[in-house]
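Down below is the structure, laid out as structure tokens.
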Amino acid sequence: MNIDGMKCSRCRKPAQHRLPSHNARFCDRCLGMFIRRQVEKAIKEFDMLQPGQKVLVAVSGGKDSLALWQVLLELGYRAEGLHLGLELGDGKFGEASLEASQAMAQRLGAKLHLFNMAQMAGHSVQQIAWANKRAFCSVCGTLKRYYLNKACLDLGFEVLATGHHLDDEAARLLGNLVRRHQHYLDSQWPTLSGAPGAFAKKIKPLCRLRAAEIKSYAKSQGWEVAKGECPRSKGATLPYYTEAVRLLEERMPGTSLNFYMGYLEDKGGPPPQPDLTQRCSVCGMPSYAQQCTICRFLENTRRRELGKSGASQD
Ligand code: AMP
Ligand code: ZN
């Protein structure tokens, strides 16, 4: 649909997309070029990938990771997908996520690796959250990071790309600044270097793009994407910061890119490598404590589950 008879800022054909943050309007074709250029720019600026490099894309089935996968292939990277089944207690959200990921794999003719987090952990997120008396979302996030990394290493990939975009990163930055979470501020960077056998290199090539820009792109491509919020995300605080960033962006277009990139510029460079000398006595992953967070989570869950089955036998 043409917007108010406006012309594309690049080719002067009828424009379908308005990008206030860049004071631009694009037709479908030029929006695609803009998206690819922003991804290329982020890849170069933050030393994410070498030309043609192999990369594993964490594909949730949402518009962001689907767009990322397609764009990385278009830019000539050898990108395969990794979908982690989460079993969040709402079959529909999980099913739609898997279906959208598989449909994209087929469209791209690319390989999608399927893993299941509950199988890898031996317990569901709900069981682990209950046993450890932790909020569902934070446990899910911690487990996801650990098992996405593990799956990536097990598949022999050195680089893992996620679909985090500018709204995600700016909201996270604002939240960390407001709460003065220095530890998280220290580690916020679009590329985190890897360490053989411990960490895959983590990259966020969509970090220059706004959610609305990726949404327009997904729409212009006519994709079926997994819609809706995670059924378990109620109570998370990040959406408040996301809303705040969106409001600022609406009133002052371009604010989130300036805020996020300006912060990174002041910071000057990526965080130092984490200490790799101390390892978890159970799984062997780097850990400051004798047991890493995940292995402690799992041990507490096993204990609780054993206790429950013991009690029910009495
Ligand atoms: P989220 O934390 O849900 O906003 O997701 C951020 C990014 O993490 C997504 O764009 C994906 O790259 C990745 N991701 C989230 N959930 C999954 C999943 N179930 N399987 C694979 N990748 C995921
Ligand atoms: Zn461990």
Side-chain angles (χ1 to χ4, degrees), residues 55-72 79-88 90 93-102 104-105 112-122 125 136-152 155 157 159-172 190 198-200 202-207 209 211 214-215 218 225-233 236 238-239 241-242 278-302:
V55 52
L56 190 63
V57 182
V59 180
S60 64
K63 63 178 173 22
D64 312 316
S65 47
L66 295 182
L68 175 62
W69 195 3
Q70 169 158 309
V71 169
L72 287 177
E80 294 182 10
L82 159 65
H83 178 76
L84 192 59
L86 299 178
E87 293 184 14
L88 298 179
D90 175 322
F93 182 75
E95 258 172 47
S97 307
L98 175 62
E99 277 168 19
S101 307
Q102 284 175 320
M104 183 52 101
L112 177 68
H113 303 271
L114 299 178
F115 284 75
N116 180 294
M117 195 156 82
Q119 264 170 26
M120 291 172 96
V125 181
F136 190 97
C137 261
S138 94
V139 169
C140 185
T142 308
L143 290 168
K144 248 197 304 194
R145 272 192 299 280
Y146 181 89
Y147 287 109
L148 283 174
N149 182 63
K150 181 166 176 10
C152 185
L155 289 169
F157 282 78
V159 189
L160 179 70
T162 55
H164 294 96
H165 46 57
L166 178 60
D167 299 35
D168 288 331
E169 294 307 293
R172 201 153 78 91
F199 296 118
K202 311 282 174 7
I203 61 171
K204 297 176 180 175
L206 301 181
C207 67
L209 287 163
I214 303 167
K215 196 170 167 187
V225 302
K227 287 203 195 84
E229 290 292 304
C230 164
R232 308 305 304 258
S233 67
L238 190 63
Y241 295 105
T242 307
Q278 282 174 281
R279 299 276 176 152
C280 168
S281 60
V282 181
C283 71
M285 290 297 280
S287 165
Y288 292 112
Q290 205 223 341
Q291 252 186 49
C292 75
T293 311
I294 302 295
C295 290
R296 257 186 297 124
F297 275 178
L298 298 185
E299 191 177 319
N300 290 338
T301 313
R302 264 191 306 273

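Indexing begins at 1, ligand by ligand and atom by atom, following the structure's order. Nothing fancy with the numbering, it's 1 onward along the sequence.
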Inset, instruction - Within a distance under 4.0 Å of any heavy atom of Leu82, pick out the atoms of ligand 1 and give their elements. - result: 21 (C)
Inset, instruction - May I ask you to list the atoms of ligand 1 that are less than 4.0 angstrom from any heavy atom of Thr162? - result: 12 (O)
Legend entry - 4.0 Å protein heavy-atom contact status of atom 4 (O) of ligand 1, strictly under: no
Please give me the minimum heavy-atom distance between [X] and [Y], naming the atom from each residue.
X: Asp167; Y: Ala211; value: OD1-N, 3.0 Å
X: Gly163; Y: Asp64; value: O-CB, 3.3 Å
X: Ala100; Y: Gly61; value: CB-O, 3.5 Å
X: Tyr288; Y: Gln278; value: O-NE2, 3.4 Å

Inset, instruction - May I ask you to check whether Leu84 has an N/O atom sitting below 3.5 Å from an N/O atom of ligand 1? - result: yes
Legend entry - Close N or O approach (Ala161, ligand 1; < 3.5 Å): no
Which protein non-hydrogen atom lies closest to [atom], naming both residue and atom, and how far is it?
atom: atom 7 (C) of ligand 1; value: His164 CE1, 3.8 Å
atom: atom 1 (P) of ligand 1; value: Lys144 NZ, 4.1 Å
atom: atom 12 (O) of ligand 1; value: Ala58 O, 2.6 Å

Legend entry - Identity of the nearest option to atom 14 (N) of ligand 1, non-hydrogen atoms only, from Gly163, Ser97, Ser60: Ser60
Legend entry - Backbone N/O of Thr242 and side chain of Asp168: donor-acceptor pair under 3.5 Å: no
Legend entry - Expected output: side-chain His83 to main-chain Val59 donor-acceptor under 3.5 Å: yes
Legend entry - Qualifying residue, where the test is side chain to side chain contact (heavy atoms under 4.5 Å, CB included) with Lys202 and the options are Val159, Asn149, Thr162: Asn149
Inset, instruction - Tell me which part of Asp168 gets within contact of ligand 1: side chain, backbone, both or neither, using heavy atoms under 4.0 Å. - result: neither
Inset, instruction - Calculate, to the nearest 0.5 Å, the distance between atoms CG and CE belonging to Leu148 and Met117 respectively. - result: 8.5 Å
Inset, instruction - To the nearest 10 degrees, could you say what angle the Zn ion (ligand 2) makes with SG of Cys283 and SG of Cys292? - result: 110°
Inset, instruction - Kindly report the SG-the Zn ion (ligand 2)-SG angle for Cys280 and Cys295 respectively, rounded to 10°. - result: 110°
